[in-house]
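Quick caveat, the model's predicted, so the values are computed rather than measured. Only this structure's heavy atoms are used, side chains among them; waters, hydrogens and symmetry mates stay out. A note on names: the letters A, B, ... follow the listed sequences, proteins ahead of strands, and every chain is numbered from 1.
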Protein chains: 2
Amino acid sequence: MKLKEFARQLGLSPTTVSRALSGYPEVSEKTRKRVAEEAVRLGYRPNINAVRLVTGRAGAIGVVMGRTAEFHFAEFMSGMAERLDGEDIDILVSPTADRDSTDDVPLYSRLVTSGRVDAVIVHSPKPNDERIALLHRLGFPFLVHGRSETDVPHAWLDIDNEGAVRRATSHLLDLGHKRIAMINGRPGRTFSLHRDKGYRDALSERGIPFDARLVAHGNFTDELGFRFARSFLEQSPRPTAFVAGSMMTALGIYRAVRSRGLVVGRDVSVIAHDDVFPYLTAENMGPSLSATRSSMRAAGARSADLVLQLLSGRPATEIHELWPVELILRESTGPAPPEAQS
Amino acid sequence: MKLKEFARQLGLSPTTVSRALSGYPEVSEKTRKRVAEEAVRLGYRPNINAVRLVTGRAGAIGVVMGRTAEFHFAEFMSGMAERLDGEDIDILVSPTADRDSTDDVPLYSRLVTSGRVDAVIVHSPKPNDERIALLHRLGFPFLVHGRSETDVPHAWLDIDNEGAVRRATSHLLDLGHKRIAMINGRPGRTFSLHRDKGYRDALSERGIPFDARLVAHGNFTDELGFRFARSFLEQSPRPTAFVAGSMMTALGIYRAVRSRGLVVGRDVSVIAHDDVFPYLTAENMGPSLSATRSSMRAAGARSADLVLQLLSGRPATEIHELWPVELILRESTGPAPPEAQS
DNA sequence: TTGAAAGCGCTACCAG
DNA sequence: CTGGTAGCGCTTTCAA
């Protein structure tokens, strides 16, 4: 059913029907109501592609899915979907075969010029991120999930990675730990750098020297968590505590600790960052995992919300949100073992 | 830059340019080449919404993201993206706030009539799935990832869940296990039913009676894996082996086994289904996890491929693929402990 | 408050 | 092989 046909059945002009459906003020309440009801009854829905052509809006927000970050990503998108429900805005996942293409500049370029999306969300930026520069140059609306250090003004939403890790590390120091290892995220990303900073600052506050041999960077996989933890535990004296970038990393660390005949929470303490997954919970690990905690789903929902604001004209320079991170203590953290105290 | 303007700069008609860019055969090779080069040079890209309006194609494949299945889902989508790269077809994730909305019929209905997508992929069907009936009724192209038992002819891609679990169970029986528990997926879904069947058939082949107290159904989370495994292990005699529906479930089982002071691979054997995640690997669990294995990413890529075939006219009735599943034995499986043999 | 008509940018039919 | 042109279905001036 087309607009023309539908309008004729109502005895109205296409103009009036269009206005009624779009909620324009100049249509009488009575007419609007009638149109709305009949649309449902007769199953009339405007052709979305015609609407898009004429309005110039794509009706979608673009995201680029990198191969490495995807278990976070699904949660984020889920949150977006939650917020976008009923908004008539879609989420467009940009196809790419690239391995680590979250920062594939040509891809963003294509996405923007293709007219498929009204805005894009940039994930895991670097301090000096080319994607941000590109998007700004093109004058295209975008929101950064994370932070960069670019001069370019832009909208962003981030969690306080630095503060979270500082607190986690300080807490371990409070417990008497002196050799604290950190298995951080991909090198070069701002969130990893912020976490590095939080870690170093906490150490230096207590006058504990930074030891580069206790810090590693890489993707958030159980595999790397295990490998790095194994190698750290071979040092002498070995670390008595770990700060980990993700739940998957923590799984690897737990396994490494056990494989050395040690016990998590007694011989070795672990604090990880928990993005709050429905299928893998810090509380349910054995022993339950102390964690810095911030919901990826909530970030996705709020990001969608902010993009919507951006699209309705709120200046990007006004849109900056830094979320605090909770530190939740469970069984995986305990006092440093006596032999390490000495 | 619009087509008209671009064509004028080339000294050609819009018609010819359009045809050249779309690869129509009636354009001379020379002209086509020139047009293609100039398009890149001048940065001309057809307005996608105009193309969509006039062709009636949406240029996107729709997927509905359920809240519960999402860690599989990201892998699947990643695979789709891999295949769709360069095809000028997007993946559209349909926004929904519903908890378990993978089979939200009104949602599919809206998705189809909205004109946003050319085809949809249906996940985790039930034997008699309403979504399939709906899509068939509407005459809309779709591919089912999984199987149903409906009479409606349709395209599908599935893995051999029944065979996989039959082999896993048989293997455990070969090892002397007699009380084998199964923690399966969501009740009512065809894949869960197929796995149930594989399990029961393997038992009955050996004349071992089916015991409903050893089977549970639910979402694939570590939490449920743990809870079910705990409760099974409280039985007397307790099960000496588990068949698990997912890696997350297996994590929960491992923890439950350990929490009872038992050892996986010695006191209790575990085989799980592994969808092959980059961030959590069966091989890296402790002990390494024996698994039935089939790549979700590969399924996503192939599904996208099949949808493309569907859209280019291949009959849905021809598109049926059943993928075999590997059984990979690692350390989590071993002979039934002697006391259980008796 | 309602309607007529001019496009949005492109494809595809029909001519040449 | 190339070009003119009629729409695709809708929104939005402008006029009534």
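Sorted by first then second residue, the ring pair (Phe, Tyr, Trp, His ring centres under 6.0 Å) pairs that include residues 18-37 of chain A, not counting sequence neighbours, number zero.
Along DNA chain D, read 5' to 3', the first and last nucleotides having any atom under 4.0 Å from a heavy atom of chain B are D:dC1 to D:dG9.
A:F6 comes within contact range of no nucleotide atom at all, as no heavy-atom separation falls under 4.0 Å.
Put simply, CD on A:E29 is 16 Å from C1' on C:dT2, counting in whole angstrom units. If you measure from atom CG of A:L10 to atom P of C:dG3, you get 11 Å, rounded to the nearest angstrom. B:N49 has its CG atom 10 Å from the C1' atom of C:dC8, to the nearest Å. Spacing between atom CD of B:E5 and atom P of C:dG9 amounts to 12 Å, rounded to whole angstrom units. The CG atom of B:L21 sits 13 Å away from the P atom of C:dA12 (whole-angstrom rounding). Atom NZ in A:K4 sits roughly 11 Å away from atom P in C:dA4 (whole-Å rounding). Across the protein-nucleic acid pair, B:L53 atom CG and C:dT11 atom P stand 11 Å apart, rounded to whole Å.
Of the two residues contacting DNA chain D, namely A:N47 and B:T31, the nearest-nucleotide position lying further toward the 5' end is that of B:T31.
Checked against a 6.0 Å centroid threshold, the rings of B:F277 and A:F71 do not count as neighbours. Proximity of the aromatic rings of B:H123 and B:F76 is defined here by a centroid distance below 6.0 angstrom, and this criterion is met.
Residue A:S13 has its side chain nearest to C:dG3 when only C:dC10, C:dG3, C:dT11 are considered. Out of C:dA12, C:dG7, C:dC10, the shortest distance to the side chain of A:V54 is found at C:dG7.
By the 4.0 Å N-to-carboxylate-O rule, B:E29 lies close enough to B:R32 to be salt-bridged with it. With salt bridges taken as basic N to acidic carboxylate O contacts below 4.0 Å, none links A:E5 and A:K2. Electrostatic pairing of B:R52 and B:D90 counts as a salt bridge here, judged by a charged N lying under 4.0 Å from a carboxylate O. With respect to the salt-bridge test (charged N to carboxylate O, under 4.0 angstrom), the residues A:R83 and A:E87 qualify. One finds a salt bridge joining A:D88 and B:R116 here, because a Lys/Arg side-chain nitrogen approaches an Asp/Glu carboxylate oxygen to under 4.0 Å.
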Could you list all N or O pairs between the protein and nucleotides 13-16 of chain C that sit under 3.5 Å apart?
residue, atom, partner, partner atom, Å
C:dC13, N4, B:R19, NH1, 3.3

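For the pair B:Y24 and C:dA12, the criterion of a side-chain N or O lying under 4.0 Å from OP1 or OP2 is met. Neither OP1 nor OP2 of C:dT11 sits under 4.0 Å from any side-chain N or O of B:T55.
None of B:V117, B:I91, B:I89 except one satisfies the side chain to side chain contact (heavy atoms under 4.5 Å, CB included) rule with B:I61; the exception is B:I89.
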